[in-house]
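The structure under discussion appears below in the form of structure tokens.
Letters A, B, ... mirror the listed sequences (proteins, then strands); counts begin at 1.
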Amino acid sequence: MKKILSKSILAGVKSSVEKGLITSEAYSSSLKVYFEIPKEKKFGDLTTNIAFVLAPIAKMPPRKLAEIIIENIPAWPNDVDRVEIAGSGFINLFLKPRFWHKVLRQILAQPKEFCSPAVGRGRKVNIEFVSANPTGPLHVGHGRCAVVGDSLARILEKVGYRVTREYYINDAGRQMDILGRSVFLRYCQELGRDVPFPEDGYQGEYIRDIARDLIKERGDSILSMPEKEAISLLTKIAADVILHQIKADLTLFRIQFDQWFSEKSLYESRAVERAIRYLQKKGWIYEQDGALWMKTSEVGDEKDRVVVRSNGEPTYYASDIAYHRNKFQRRYARLIDIWGADHHGYVNRIRAVARAFSVSEERVSILLVQLVRLMRGDTPVNMSTRKATFTTLSEVIEEVGVDAARFFFLLRRFDTHLDFDLELAKKQSSENPVYYTQYAHARLCSIFREVEKRQLHLPDPDLSLLRNQEEIQLIQKLSLYPQVLIEVAESLEPHRLTFYLIELATLFHKYYNLYRIISEDGDLSSARLALASATQAIIADGLTLLGISTPAAM
RNA sequence: GCGCCCAUGGCUCAGUUGGAUAGAGCGACGGACUACGGAUCCGUAGGUCGGGGGUUCGAAUCCCUCUGGGCGCACCA
């Protein structure tokens, strides 16, 4: 519907240009007219700032420009009641209610199409997130990354991208050795050997659990193996056990991955070597002091970074180069990496890799998700990873539930610090925003149950009966839904959908308190139920994209 | 010391290519249906958008600077 209005305005610009009233630079085929729904009724139903956008190009005051444009609009659709120029150049459109009735009719006729604006055009997107080392359980910080990534993936898919959700498993390198050694030492201790446990070992109780399980399954047989072999075996076993647990936690959190990519496989396939050799040939990697360095300073890093140490051991960065090369080669239109904000020092390293492989920067987005501080009321919950006194993600989910946990993570922009209050998340009251939107959905369901119960036989809806301001406002809000999804896909900010849904629920709750949806008047009831049905469909669609359940009753 | 992120009512936060009088929720106070679910709704109070400078028709939004907080600065991952 808005397209028609947009066309009218563009035609006005074009016609003004043709008549020589404004300079020809003002019109181009890529020119886009954005409409907003103004906060205040007196500014109309839709408004556009096109005159402000064109003012610098046309070198003309916006007000004057607005006048010229609307005078030269060949024809308005007849749903337009009147047009006003306000302020210093806003073009405000006042529409007849039937414009909004048409919008609602469209939503009801093709709800699926309406909720799936096809802007992705089948392009491939890879979104890599969580990717926690398999050395310990997931914590709340991982949880936030997980939910942001998962909701983005759902939304990108919804708007027509082909999405691969990928988890990169750091199953190679020193941390793995330390893991294996930690398990080995706990295993020895559990069998009564008096061996010291190092500072840098993994202190968590889960290491002991793995050791105990090993004893149950294999007794002390591992002690008789050569130590190196034993540690290598335990590394593999421990990583498997922990990864298994991570997958279970993610499943519980309603998160599924399409691809689990092993770091080790990059070494086994010699992809790491090949990538390094390639970059050496291209001059991006050079040798100095016996080590190999990547020229990350070329993209603004403070200094170059080591890829292979002088002792011949590759660093983590080496496999990361090969990994990103691999992703580039899989021909995604877009790569998204989601990291905890504590990794921001690595952004330049990945940018360097992109540059080195001639991948344009817009194709690679790195989202830094700020860390989470877990609170219980006003007091922070102690979170020492080293001592493993932290609360795990699964404990949080168990305490507050999946819906509340996901909702809280999506309630703020991901680049702001988040205090996650366990007490608040648990509360089933108006303090807790989680239930507000779900309640709107449940309430809508209950209305339709009521229709069933009363066995009402209603006529086909005549939407022109929806004349109240609140009804028009509700339709206006519904009409924005696809635009919100597009905005989320462009900005990669899923919290916008969360806020939209809360606002939609607010409008519905207000409407519900003001008017009877089911009344003696069958015609009116039918029209209002149609509006209710569209509202329900969009709340349900949106909640699903956030990975939050849509209860029919609460 | 260097780099990245953040700063908006008492609290927690929105604010879409820079746009009209900066918006919600919570908390506080006062109210609402004999009717489709009161986990709801209505009203009141609360702001020099951290300070200062700049860019322009116009800045919470862009630039500079200062202050305060978070994080990162390894031949660790």
Side-chain angles (χ1 to χ4, degrees), chain A residues 32 34 36 38-40 42-43 47 49 52-53 55-56 61-63 86-90 92 133 135 170 172-176 178 200 263 289-293 300-303 305-317 319-320 340-348 368 370-371 373 378 411-413 415-419 421 424 427-436 438-440 442-451 453-454 483-484 487-488 490-491 493 495-496 498-499 502-503 505-506 508-519 525 528-529 532 553-554:
Chain A
K32 277 205 175 113
Y34 289 93
E36 269 178 78
K39 281 169 280 190
E40 296 207 37
K42 67 175 178 187
F43 296 135
T47 183
N49 64 348
F52 292 93
V53 175
R63 172 113 202 169
S88 45
F90 289 94
N92 295 337
N133 294 355
T135 54
N170 294 117
R174 254 195 51 175
Q175 295 304 313
M176 282 291 109
I178 295 173
D200 66 350
E263 178 186 10
D289 306 329
L292 294 180
W293 300 72
D301 206 354
E302 298 151 17
K303 49 176 261 187
R305 303 292 172 175
V306 170
V307 176
V308 180
R309 302 185 191 103
S310 49
N311 66 5
E313 283 262 328
T315 64
Y316 169 86
Y317 188 31
S319 47
D320 228 21
D342 51 337
H343 287 69
H344 67 74
Y346 300 83
V347 172
N348 280 328
L368 298 173
Q370 280 297 336
L371 306 180
R373 195 163 62 137
D378 289 331
L411 198 51
R412 286 172 188 25
R413 250 175 35 220
D415 58 351
T416 63
H417 304 273
L418 169 64
D419 284 346
D421 184 350
L424 182 58
K427 272 189 198 165
Q428 302 204 355
S429 74
S430 55
E431 280 174 76
N432 190 336
V434 181
Y435 302 103
Y436 187 81
Q438 287 186 319
Y439 184 57
R443 189 173 239 180
L444 280 155
C445 291
S446 114
I447 292 169
F448 290 106
R449 278 196 299 271
E450 188 67 21
V451 172
K453 205 173 84 187
R454 295 192 198 175
Q483 193 55 44
V484 171
E487 269 173 30
V488 171
E490 277 171 4
S491 65
E493 293 179 353
H495 75 278
R496 294 189 192 196
T498 316
F499 279 92
I502 294 173
E503 287 160 12
T506 302
F508 171 70
H509 283 311
K510 287 182 182 187
Y511 177 56
Y512 178 90
N513 272 277
L514 217 47
Y515 301 101
R516 304 269 320 157
I517 290 173
I518 305 169
S519 65
S525 301
R528 287 181 172 173
L529 283 167
M554 294 170 71

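- Look at A:Y512 and the base of B:rC41; the rings do not stack under the cut-offs of 5.5 Å between centres and 30° between planes.
- The nucleotide B:rU55 finds no pairing partner, because no Watson-Crick or G-U wobble arrangement with both distances shorter than 3.5 Å includes it.
- Nearest nucleotide to the side chain of A:S446, out of B:rG69, B:rA14, B:rG37: B:rG37.
- Ring geometry for A:Y436 versus A:H509: interplanar angle over 60°, hence perpendicular rather than tilted (30 to 60°).
- Here the shortest heavy-atom pairing between A:I518 and A:I447 reads CD1-O, 3.8 Å.
- Proximity note for A:Y439 (side chain, C-beta onward) versus B:rG72, B:rA39, B:rU16: the nearest is B:rA39.
- For A:R496, whose side chain is taken as the heavy atoms from C-beta onward, the closest listed nucleotide among B:rC75, B:rU16, B:rU17 is B:rU16.
- The phosphate of B:rA39 has neither OP1 nor OP2 within less than 4.0 Å of any side-chain N or O from A:Y435.
- Side-chain nitrogen and oxygen atoms of A:H495 include at least one within less than 4.0 Å of the OP1 or OP2 phosphate oxygen of B:rG15.
- Comparing B:rU12, B:rG19, B:rA14 by their nearest atom to the side chain of A:R412 picks out B:rU12.
- The partner of B:rU48 cannot be assigned: no Watson-Crick or G-U wobble pair with both contacts below 3.5 Å exists in any strand.
- For A:S319 and A:E263, the side-chain atoms include at least one donor-acceptor pair closer than 3.5 Å.
- Under the Watson-Crick or G-U wobble criterion, with both distances below 3.5 Å, B:rG37 has no partner in any strand shown.
- Taking every side-chain heavy atom of A:R443 into account, B:rU40 is the closest of B:rU40, B:rC75, B:rA20.
- In the set B:rA14, B:rA20, B:rC41, B:rC41 carries the atom at the smallest distance from any side-chain atom of A:H509.
- Considering only side-chain atoms of A:M554, the nucleotide from B:rC75, B:rG37, B:rA20 that sits closest is B:rG37.
- In a base pair of the Watson-Crick type (N1 to N3 plus N6-O4 or O6-N4) or a G-U wobble (N1-O2 and O6-N3), with each distance short of 3.5 Å, B:rG72 is matched with B:rC2.
- Between A:K510 and B:rC42, a side-chain N or O to OP1/OP2 separation shorter than 4.0 Å is present.
- Between B:rG15 and A:R413, a contact under 4.0 Å exists linking OP1 or OP2 to a side-chain N or O.
- In this pair, A:Y436 does not lay its aromatic ring on the base of B:rA39; centres under 5.5 Å and planes under 30 degrees do not both hold.
- Considering only side-chain atoms of A:F43, the nucleotide from B:rC75, B:rA20, B:rC5 that sits closest is B:rA20.
- For the atom pair CD of A:E493 and CD of A:E487, the computed distance is 9.5 Å after rounding to the nearest 0.5 Å.
- Annotation: the span from A:D415 atom CG to A:H344 atom NE2 amounts to 13.0 Å, rounded to 0.5 Å.
- Using P as the reference atom, B:rC4 and B:rU65 are 11 Å apart when rounded to the nearest Å.
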